[in-house]
Amino acid sequence: MRLKAIGLFACGLISVFVLTKCNSGGESLDNPRQGTITIASDESFKPLVNALTNAYEGIYPSTHFKIDYKPEQEAIRQLLNDSARIIFATRQLNEKELEIIKRQKGSQKYQHIATDGLALVISKGNADSLITMSEIQAILEGRIKDWSQLKGGNQRGLITLVFDNANASNLNYILDKFKVKDISKLRIISAGSNEKVIEDVRKDPLHLGFIGVNWISDGHSLASEELSKGIHVMGVAKKVNPDSLSDYIQPFQSGLEFKRYPLFRDLYIISREGYSGLGGGLMTYIARDVGGLIIQKMGLLPTIPYPRELEVTTGKNF
């Protein structure tokens with residue numbers, strides 16, 4: 001009888017050990033130094049997300065991120081379905097989405113990691129590289145339809161707007177920013193990706209593209225340099241009647257700083273990880289380690305800048 005009790009106790013310990021080491025799917029739980037998780041991101045942030053995850057995997061070779069790039073709303077749905085551990089998005093979850101996670105008895109946390117800019121790009125064959133916020137509003141409302149209607153417009157022809165995808169952050173941001181409800185009467189194209197938006201605009205001087213600036217803002221990347229060929233990034237002015245060229249701001253770091261560029265947006269990483277796992281490790285890396293330096297290198301403005309140590313030599317002994 002005593003041996004039987006000891007055997008049951010041992011079995012109990014083994015069961016506790018197995019439950020502790022495994023999740024509901026029978027797989028070993030990941031941690032910040034090892035494991036594989038799925039993350040999702042709006043496709044407009046693909047260069048940045050690739051840079052961050054590749055750097056993390058380089059430090060911890062036993063970690064791996066399966067990344068799904070898709071329109072932002074689909075990435076959020078993937079988080080809500082618990083098929084993505086973390087996502088990169090331009091907004092926090094709304095009340096309905098938070099309620100879904102609450103009903104699932106799940107956890108949710110977010111981290112603001114950067115300020116991004118939505119870039120307006122045109123072909124170098126189009127001389128109209130300056131635009132105001134009021135002109136963008138008029139284009140979206142159908143009051144401006146031809147390039148010649150812009151202030152100082154040098155181009156003639158109907159304006160065609162080019163976005164990556166419906167339900168993606170680029171289009172959703174513009175519609176929300178300018179409070180546009182109906183786009184059915186606009187000349188608008190869904191190219192399929194930010195890269196294809198650039199390719200489309202490069203070929204047609206009458207097309208106006210909208211992309212995440214990190215696709216073309218990494219000055220050290222050959223891919224970014226290649227994508228930048230044949231296009232202009234438009235300067236955007238807040239003023240209805242700009243006083244000078246200095247009123248037109250581009251979506252690079254100097255323009256994103258102090259939110260001088262009017263089409264800036266926040267970038268968040270959102271997690272539903274309920275324990276100290278690989279998702280939390282990536283979030284910590286971005287917030288506390290060199291993640292900020294990578295964000296800065298990619299041309300965005302990090303929320304937490306990487307600390308720089310400067311040694312000043314005066315030539316005098318103190």
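Reckoned from all heavy atoms, side chains included, excluding hydrogens, waters and symmetry mates.
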Who pairs with [X] by ring pair (Phe, Tyr, Trp, His ring centres under 6.0 Å), at least two apart in sequence or on another chain?
| X | result |
| --- | --- |
| His64 | none |
| Phe65 | Tyr56 |
| Phe163 | Phe210 |
| Phe45 | none |

Which pairs pass salt bridge (charged side-chain N to carboxylate O under 4.0 Å, His left out) with one or both residues in [range], sequence neighbours excluded?
| range | value |
| --- | --- |
| residues 200-226 | Asp218-Lys297, Glu226-Lys229 |
| residues 116-127 | Asp116-Arg265 |
| residues 64-75 | none |

Within a 6.0 Å radius of atom [atom1] on [X], are there more than 12 heavy atoms belonging to other residues, nucleotides or ligands?
| X | atom1 | value |
| --- | --- | --- |
| Tyr110 | OH | no |
| Leu158 | CG | yes |
| Arg156 | CZ | no |

| request: Provide the full list of ring pair (Phe, Tyr, Trp, His ring centres under 6.0 Å) pairs with a residue in residues 241-262, sequence neighbours left out, each pair given once. | output: none

Residues that [X] engages under salt bridge (charged side-chain N to carboxylate O under 4.0 Å, His left out), provided they are two or more places apart:
| X | result |
| --- | --- |
| Glu135 | none |
| Asp266 | none |
| Arg77 | none |

| remark: Contacts of Asn50 meeting side-chain hydrogen bond (donor to acceptor under 3.5 Å, both in side chains) (sequence neighbours excluded), chain-then-number -> Tyr69

| message | Within the 4.5 Å heavy-atom criterion, are Asn172 and Asp176 side-chain neighbours or not? | response | no

| Using 4.0 Å as the upper bound for N to carboxylate O, is an ion pair formed by Asp164 and Lys196? | no

| message | Tell me whether Asp128 contacts the main-chain N or O of Asn154 through its side chain, where contact means a donor paired with an acceptor under 3.5 Å. | response | yes

